[in-house]
Amino acid sequence: MTDPSKSSPSGLGKVWHQNRENVVIIAIAVIIALLVRTAIAEPRFIPSDSMFPTLAVGDRLVIEKVSYHFHPPETGDIIVFEPPPQLRAQGYGKDQAFIKRVIGQPGQTVEVSGGKVYLNHQPLQEDYIAEPPEYHWGPEQVPKGQLFVMGDNRNDSNDSHIWKFLPQDNIIGRAAFRFWPLNRLELIHH
């Protein structure tokens, strides 16, 4: 006779015993995915046409979160960020991320005049915009620790020309890669 205390598991115990390795593998995969999303990269969806024609409503991007630990954002980078205090005061939540292009960095002077954007009194060559801006802004110097950001759809973008400067601490990451739709698959660069 066999010793009943040494018998194989039955019912639920048997199922657990057979699937324990799968459960451990899935748990590890979930932890790795959460770590990657928190510290390295995450997918984002474009909800508005403020970055048209560069990005369209419905585009899906990979936002990388590593490079700005080694160097500051550069003029032309497309960044995703949490709403600055000015927008939070208007009711935007911390989780309502924005996406815009970096135009001015700390210490630089930005002006929008006569359908052109000027950086340090020099007009930017902007072949990526939907149309020239139809408003005047500045000139104003970008404060330390802040950025001046604009949407590529200059006349339909809730950006720095409306709410001024973005604290660099609000940056979530840089748009690195469009993965959807497949016919627009490409690296995002400035």
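- For residues 95-129, the set of pairs meeting the ring pair (Phe, Tyr, Trp, His ring centres under 6.0 Å) definition, not counting sequence neighbours, comprises Phe81-Phe98, Tyr92-Phe98.
- Both Met150 and Phe165 sit in one connected hydrophobic cluster of ILVMFWY residues. Membership requires side-chain heavy atoms under 4.5 Å apart, directly or through other members.
- The NZ atom of Lys116 sits 6.0 Å away from the CD atom of Gln125 when rounded to the nearest 0.5 Å.
- Two different hydrophobic clusters hold Leu55 and Ile129 under the rule that ILVMFWY side chains link at heavy-atom gaps under 4.5 Å.
- When the salt bridge (Lys or Arg N to Asp or Glu O under 4.0 Å) test is applied to Asp59, the partners found at least two apart in sequence or on another chain are Arg178, Arg184.
- Side-chain N or O atoms of Gln108 include one that pairs as donor or acceptor with a backbone N or O of Gln105 at under 3.5 Å.
- The two atoms that bring Lys65 and Ile172 nearest to each other are CG-O, 3.4 Å, heavy atoms only.
- Tracing side-chain contacts under 4.5 Å through hydrophobic residues (I, L, V, M, F, W, Y), one never reaches Ile79 starting from Ile188; they form parts of separate clusters.
- Cluster partners of Leu187, using a side-chain heavy-atom cutoff of under 4.5 Å among ILVMFWY residues and allowing indirect links, are Val62, Phe177, Phe179, Trp180, Leu182, Leu185.
- Considering all non-hydrogen atoms of both residues, Gln168 and Leu147 come closest at NE2-CD2, 3.4 Å.
- Here the side chains of Val149 and Ile103 are not in contact, with every heavy-atom distance at 4.5 Å or above.
- Scanning both residues, Ser157 and Ile162, for their nearest heavy atoms gives O-CD1, 3.6 Å.
- At a threshold of 4.5 Å between non-hydrogen side-chain atoms, the residues Pro43 and Arg60 do not count as touching.
- With Gln122 contributing its side chain and Leu119 its backbone, the two residues share no donor-acceptor pair below 3.5 Å.
- What you find for Val117 and Pro133 is that their closest heavy atoms are CG2-CG, 4.3 Å.
- For Asp152, the side chain to side chain donor-acceptor pair (under 3.5 Å) partners are Thr54, Arg101, not counting sequence neighbours.
- The backbone N or O of Asn120 lies less than 3.5 Å from no partner atom in the side chain of Thr109, so there is not a single donor-acceptor pair.
- By the rule that hydrophobic residues join a cluster once side-chain heavy atoms approach within less than 4.5 Å of another member, Ile46 and Ile63 end up as members of one cluster.
- In the model, Tyr68 has a side-chain atom that pairs as donor or acceptor with a side-chain atom of Asp77 under 3.5 Å.
- Without hydrogens or angle criteria, Asp159 side chain to Gly151 main chain gives a donor-acceptor distance under 3.5 Å.
- Distance alone, capped at 3.5 Å, places no donor-acceptor pair between the His161 side chain and the Trp163 backbone.
- Linking Ile, Leu, Val, Met, Phe, Trp and Tyr whenever their side-chain heavy atoms come within less than 4.5 Å leaves Phe148 and Val102 in two separate clusters.
- Judged purely by atom type and a 3.5 angstrom limit, Asn153 has no side-chain atom pairing as donor or acceptor with the backbone of Pro53.
- Of the possible donor and acceptor atoms, none in the side chain of Glu82 sits under 3.5 Å from a partner among the backbone N and O of Lys94.
- At least one side-chain heavy atom of Met51 sits under 4.5 Å from a side-chain heavy atom of Ile78.
- Of all heavy-atom pairs spanning Asn155 and Pro132, the tightest one is ND2-O, 2.9 Å.
- Listed by chain and number, the residues in a side chain to side chain donor-acceptor pair (under 3.5 Å) with Glu140 are Lys164 (sequence neighbours excluded).
- Across all their heavy atoms, Gly145 and Pro106 have their closest contact at N-CG, 3.9 Å.
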- request: Start with the C-alpha distance between Asn158 and Leu87, add both sets of side-chain angles, then the distance that settles side chain to side chain contact (heavy atoms under 4.5 Å, CB included), and finish with yes or no.
  value: CA-CA 9 Å; Asn158 187 0; Leu87 290 175; 3.7 Å; yes

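- For CD of Glu186, the number of neighbouring non-hydrogen atoms (other residues, nucleotides, ligands) closer than 6.0 Å is greater than 12.
- Checked against side chain to side chain donor-acceptor pair (under 3.5 Å), Ser67 has the following partners two or more places apart in sequence or in another chain: Glu64.
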